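Taking it in order: structure first as structure tokens, then the write-up.
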Amino acid sequence: GKTSPTSTTSKEAPKKSQTQTIELRLAHFWPSTHPAEVELVQPWAKAIEEATGGQVKIVSYPNQTLLQADSIYDGVLNGIADIGISCFSYTRNGFPVLEVFELPGITYESSRVASTVAWEGIKELNPKEVQDTKLMMVLTTGPGDIYSKVPVRNLQDLKGLEIRATGLSAKTLQALGATPVAMPQSDAYESLSKGVVKANLGPVEVLKGWRQAEVTQYLTQTPFLYNTLFFVTMNLDKWNSLDPETQKAIEKVNEKFFKEVAAGLWDKQNDEALKWAVDEKGMELIQLPADEAQRWIDLVKPIQDDFVKRMDKQGFEGAKILNTAKTLADKYNKEFK
Amino acid sequence: MAKKYNGFVAGLSQFLDQIAGLSLVAVMLVVVGNVLMRALFKHPILGTYDYVGFLTATAIGLALAHCALQNAHIAVDFVVERLPHKTRALIDTATNSVAITFWGFALWNLAIYAGTMKTNGIVAATSQLPVSPFIYLVAFGLFSLCLVLLSHLGESLRRVAR
Amino acid sequence: MNPFGLGVLGIIVFLVLLMLRMPIAYAMALVGFTGFALLSSASASFSMVAKEIFNTFSSYSLSVIAMFVWMGFLAFYSGIGTRLYVFAYKLMGHLPGGLAVATQLACGIFGAICGSNTATAATMGAIALPEMKKYQYDTSLATASIAAGGVLGVLIPPSVIFIVYGMATEQSIGELFMAGIIPGILLMLAYIAAILFLTLRNPALGPAGPRASWKERASSLRGGLFEVLVVFALSIGGLFAGWFTPTEAGAVGAAGVLAVSLLGRHLDWTGFKKSLYDTTRTTAMIMLMIAGAMIFGRFMAISRIPFELANWAGSLPLPPFAIVGVILLIYLVLGCFIDALALILLTIPIFYPVVVKTLGYDPIWFGVIVVMVVAMGVITPPVGMNVYIIKGVAPDVPLEDIFRGIWPFLLAIIFSLIILIAFPSIATFLPQLLHGV
Ligand code: NA
Ligand code: NA
């Protein structure tokens, strides 16, 4: 197998190769045409190959061909894939501290802000839960909006409205008085089209990527309600097997790609999707007045309090963690304006 | 001795199959309940998605043994049927041994998987139900499948000896 | 050995194990595990096997299979299936092969509430097979026609495979659903033509009965049948009205048939228990086979066989339609060994860019073509999922009998494919109408 490259080559005719090529399998769940593959994974893999003088070669397995989306972190841990990209929240409770970056009530003006907050926050907090793999970078969808079949202008409109949501988002919507309905994203299009649910909550990208603009008419902007955190991580043994120089070269590429591509990857998509949904699909854009938005934020505050309490119970400093996220969010909302 | 073992295995797999059947009834009740609660009272059963997954896993896992007992795991038999009696018995002995070994390792690794999920406290996204008990259940289902295969192995060994 | 060679060797070993009477699910899982272990490590492979087994068994989307299968067995044990076929026999039994034709129509209509080809084959098998046997229909014809008819479940919306395709390619699921309707009907008609061709040539395959009067026909609607038709209409209506999702339709259908059976006193405790026994047995068989197929698919993925075939096809110095032809051939070959869902997941990310981005074909049209080709895969030996499922609900029919009956239906699919390639608007017409293009 891959673990004994020397023994396999020794059997063959002696090669002049001074560098041993290491092939790394990368698993993610996006389609092969998705920007995550085309604009991030492919160029990043190429940059790493170049930076390591062709020594590290990354082969991408998009679209869950190697691992199912919710098994990717675990799969990297067990060496099924060498590198994996997926959502932290697919492993519920596996990353208690990182939940802070997805909490409602913290405003992120853009994906770049949310990604930078998360990446800096993780470096600052250095939580134990991500130490079992080599975390290479994180990225986020950034803020999510409510897209719906009926206009949502205030809490009254939201009351009892069936909205597709799972996990933390379901809790958030419940706090706002809506009726969350849990179903996979793959069922959402049909369900919206037939009216089983009346709305969905998520990054605007979904409107175009999942074509949900075809089955909804209104878009309420709620930059304080939603965020999803993705990891790009590598198997620790594989990482440790690389020599320090190679590691340094890769880390340099990682930082460059985080700043230049990953952090704002969703902004570009969200902007495009928003333009498409409004200009071509005729969706109506709804912005909440400041006082209305504040009412929403107040209503979801208990979810933050609950997070702090749970953290304290598990022996973390809940308030400090929450504060880190909030302070960084304030800082970068201003900085990236 | 063999008869006693076979009787025990048959009894066990039938019992597990009954639990599997009940789980399927529960799947139906949960889904229909959710549809009705959502349509009539705007109050869906939020964890339905998780419950259905877990109940289906229970049903399938626990039905594996009974399914094998009735030889319902499809196999291609027209080649082997044409071989002499003894060869056939030898082949069955070999494939049964390989299958027991493989599923044995598989169930062991399912148990390890369940163990890590338990240590890490992994729960289902919406219902917050722990995942590990259901993985253990599936591992146990594979264990009972191995028990059935063991009785098949005994039977094919007797055919070799005959 | 390089990964590609190991992949080919894996397929050969798998075939040998099949010939040695190892259950198909075991053989797929075993070979998939071993190959994956050789290409990565034993511990990674064991971990992969554990995950695939649990993920498949606990899949919310696949739970619909169990529910529809149960619905089929409930219809059988309550005698509703029998009465359904008495009605069909009175209506069409005087034609040679009339019941097989009626079964195809039923598959098509059932396809409108069921989104899974597996579930359609299993449910229709449970209901229709015992009845066609009663009327002396040839077992090869009866079993093969239902194995093939199951595909109508994914061509006619709702459809799991279109959803997976739409997710993998970011195409509109609504448009794909619309696009499947006419090709679905076309394929159904091609199946019916195949049945008529066979039975007209050899009437013994599907003996014609006496012609019934309209009065007899109407009176055969009694005994819960009318209520079942109401349940069915409600299911379709409920899907369109947005009362429930296609994934929920299975449980709703099972509950409906159970309610009709209990209220009309068509089902006693023993029948209820038997329906559950048969359902757990059939579903356990199907799900273990899907898990095995997933494990085998992971091995195929890291052997990179599908990827290299795609690259090779895309770079051929041929005109576009010939490249599409080559790709379809590759699908046909891969479809012999890889199950439908795994095949779509594996190949779409690599073939889609070639066909749509490079060659410029319509993405919706290609979706329909892919479903058709995958439809061939589920009935071709050695891995023909639908054939195994029919074997599961009709254990006494030898596998080779079912496979022997497949070829006319295979020709019907190929014929429909050619029509679709020659006249792409058959698929694209409805979605374009929808968008007023
Ligand atoms: Na369908
Ligand atoms: Na096949």
Side-chain angles (χ1 to χ4, degrees), chain A residues 68-71 73-75 77-78 80 87-97 99 102 128-133 158-175 177-188 191 194-198 228 306 310 313-314, chain B residues 26-57 60-61 102 105-136 138-139 142:
Chain A
Q68 210 175 295
D70 56 3
S71 299
Y73 192 91
D74 220 34
L77 201 59
N78 295 321
I80 298 174
C87 311
F88 280 113
S89 58
Y90 281 153
T91 320
R92 194 66 199 273
N93 267 20
F95 306 97
V97 174
E99 208 179 300
E102 300 188 343
K128 209 176 127 248
E129 61 211 45
V130 290
Q131 309 291 323
D132 50 2
T133 63
L158 205 59
K159 205 166 176 339
L161 191 70
E162 295 98 333
I163 307 184
R164 189 210 81 96
T166 53
L168 188 60
S169 287
K171 253 204 268 179
T172 305
L173 290 169
Q174 226 159 15
T179 300
V181 178
M183 60 170 71
Q185 192 73 277
S186 54
D187 275 4
S191 300
K194 300 282 160 59
V196 179
V197 291
K198 309 288 189 306
T228 291
D306 179 55
R310 265 186 299 132
K313 226 197 251 163
Q314 291 178 42
Chain B
V27 171
M28 182 200 76
L29 291 177
V30 171
V31 174
V32 173
N34 180 45
V35 168
L36 290 177
M37 290 292 284
R38 188 176 63 212
L40 301 178
F41 306 105
K42 283 205 162 206
H43 218 286
I45 307 169
L46 201 50
T48 301
Y49 178 71
D50 303 334
Y51 302 144
V52 167
F54 289 158
L55 284 168
T56 312
I60 306 301
F102 174 66
F105 273 117
L107 85 88
W108 183 245
N109 278 275
L110 265 159
I112 294 176
Y113 180 38
T116 15
M117 297 295 258
K118 194 176 167 196
T119 326
N120 296 340
I122 306 299
V123 298
T126 314
S127 65
Q128 303 278 317
L129 232 54
V131 181
S132 59
F134 301 95
I135 307 180
Y136 278 123
V138 172
L142 281 177

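Since the structure is predicted, the reported quantities are computational estimates derived from the model, not experimental observations. Residue numbering restarts at 1 for every chain, and letters A, B, ... go by the order of the sequence lines.
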Just how far is it from atom [atom1] of [X] to atom [atom2] of [Y], taken to the nearest 0.5 Å?
X       : Y       : atom1 : atom2 : answer
K198(A) : L158(A) : NZ    : CG    : 13.0 Å
L142(B) : N109(B) : CG    : CG    : 11.0 Å
L107(B) : Y113(B) : CG    : OH    : 15.5 Å

Exercise for the section: For a side-chain hydrogen bond (donor to acceptor under 3.5 Å, both in side chains) with Y73(A), tell me which candidate from T133(A), N78(A), T91(A) qualifies. Expected result: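 Result: among T133(A), N78(A), T91(A), T133(A) is the only option passing the side-chain hydrogen bond (donor to acceptor under 3.5 Å, both in side chains) with Y73(A).
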Which bit of [X] is near chain B, if near means a heavy-atom gap under 4.5 Å: side chain, backbone, both or neither?
X       : result
A170(A) : side chain
E129(A) : neither
D74(A)  : side chain
P96(A)  : neither
T179(A) : side chain

Handout entry: Carboxylate-amine/guanidinium contact R38(B) E162(A), below 4.0 Å
Key = no
Practice task
Specify which of S89(A), A165(A), G94(A), P184(A) makes the most heavy-atom pairs with chain B at under 4.5 Å.
Solution key: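 Maximum pair count with chain B is reached by P184(A).
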